[in-house]
Amino acid sequence: MAPADVQRIALNNGNSIPVIGLGTWQSPADQVTQAVQDAIDIGYRHIDCAFIYRNEREVGEAITRKLEQGVIQRSDLFVTSKLWDTFHRPDLVKRAMQNSLSNLNLGYLDLYLMHWPVAYREGDNLNPLKPDGKTYFFSDVDYVDTWKAMEKLVDAGLVKNIGLANFNSKQIQRVLDVARIKPVVNQIENHPYLNSFKLTKFCAENQIVVTAYSPLGSPARPGVKETDVVLLEDETLKAIARKHGKEPAQVLIRYQIQKGHVVIPKSVKRARIASNFDVFCFQLDATDMEQLAGLERNGRINPKTRAHGHCHHPFENEDE
């Protein structure tokens with residue numbers, strides 16, 4: 001598939017987003033530059049980043065090289081970054097974004113997300129843990145005030161689209177109630193073990209696109225135990241993959257696309273990056289989709305444990 005032919009999803013403001021992107025969470029800084037270059041060569045035009053991943057400078061090096069080589073133009077790319085939790089105070093939002101722009105060596109972003117609804121204590125420490133190491137020092141900034149500061153980034157031409165990440169439906173509604181610029185995306189963990197049916201339905205009803213992170217179940221995530229269930233080894237999933245002559249990872253990516261979601265699988269291996277992109281030549285049937293949805297087990301792998309007790313924690317007393 002040619003890059004120009006990659007399916008895009010319309011956003012509620014008339015812009016659009018490529019349906020598949022390269023995730024960079026947990027991508028080592030010494031490997032992500034080559035991974036992003038490989039992804040662009042393969043045909044990816046959507047790169048998902050975040051300040052807290054601490055590899056944006058290396059991602060930026062890859063983008064700069066491909067621009068200089070003439071492989072792509074800036075307008076070909078859709079680059080996302082995210083506002084970290086220690087920068088929620090409105091007077092810090094613009095500076096935080098400019099840090100990401102500087103790291104990425106870009107003049108604007110295509111999408112800027114509020115990474116979480118929780119705010120941490122402001123300062124140079126991005127992970128302000130309490131002495132017990134179990135929870136963070138919190139800030140009392142309300143994310144609706146942070147959102148208003150993000151809207152000003154659009155006004156300033158620093159970003160084309162703004163959105164949310166890891167917000168539940170009640171939190172999204174609070175943003176919608178005050179928004180001058182409506183969020184275009186809610187990026188959430190999503191895979192057959194955590195379908196979040198109510199939340200994704202709410203997003204669809206409000207013309208907010210879901211971007212699925214950890215679509216493969218993040219088997220190499222921090223803190224994973226040998227006893228943890230591995231989504232990629234699920235027998236139902238493997239049977240569907242055999243049926244289509246595809247790999248389980250490709251089925252999981254295709255599952256998200258057919259649900260109308262954007263999907264951002266992560267890898268630093270060229271062969272895997274290419275395989276993850278090769279998902280447009282087959283179709284899951286209704287039975288496949290039902291079986292995958294039936295794997296639901298509330299299997300959240302990123303529970304934001306160290307933010308427990310925060311008044312805006314999205315997963316405590318959650319009613320999606």
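Residue indices begin at 1 and follow the sequence shown.
Atom CD of Q73 is surrounded by 12 or fewer heavy atoms from other residues, nucleotides or ligands within 6.0 Å. Heavy atoms of other residues, nucleotides or ligands lying less than 6.0 angstrom from NZ of K134 number 12 at most. Around NZ of K152, the count of heavy atoms belonging to other residues, nucleotides or ligands within 6.0 Å does not exceed 12.
For residues 143-175, the ring-ring contact (aromatic ring centres under 6.0 Å, His included) pairs, not counting sequence neighbours, are Y143-F167, Y143-H312.
Side-chain N or O atoms of E316 include one that pairs as donor or acceptor with a backbone N or O of G309 at under 3.5 Å. Using a distance-only test at 3.5 Å, with no hydrogens or angles considered, a donor-acceptor pair links the side chain of N125 to the main chain of N127. Using a distance-only test at 3.5 Å, with no hydrogens or angles considered, a donor-acceptor pair links the side chain of T200 to the main chain of S196.
Using a cutoff of 4.0 Å between basic side-chain nitrogens and carboxylate oxygens, K243 and D285 are scored as salt-bridged.
Relative orientation of the Y120 and W84 rings is perpendicular, given thresholds of 30° and 60° on the angle between their planes.
A cation-pi geometry, defined here as NZ or CZ lying under 6.0 Å from the six-membered ring centre and within 45° of its normal, does not hold between R8 and F78. With F138 as the aromatic partner, K130 meets the cation-pi criteria of under 6.0 angstrom to the ring centre and within 45 degrees of the ring axis.
Atoms CD and CG, from E122 and D91 in turn, are 8.0 Å apart once rounded to the nearest 0.5 Å. Taking OH from Y53 and OG from S100, the interatomic distance works out to 11.0 Å, rounded to the nearest 0.5 Å.
Exactly one residue among I273, D48, V32 makes a side chain to side chain contact (heavy atoms under 4.5 Å, CB included) with L22. That residue is I273.
Both I42 and I20 belong to a single network of hydrophobic side chains, linked directly or stepwise wherever heavy atoms of I, L, V, M, F, W or Y lie under 4.5 Å apart.
Within the 4.5 Å cutoff, the side chain of L11 has heavy atoms near those of the N161 side chain.
Under the 3.5 Å distance criterion, with hydrogens and angles disregarded, no donor-acceptor pair is assigned to the side chains of N190 and Y213. A donor and an acceptor atom, one from each side chain of Y255 and N195, are located under 3.5 Å apart.
Taking the six-membered ring for Trp, F315 and H313 have ring centres closer than 6.0 Å.
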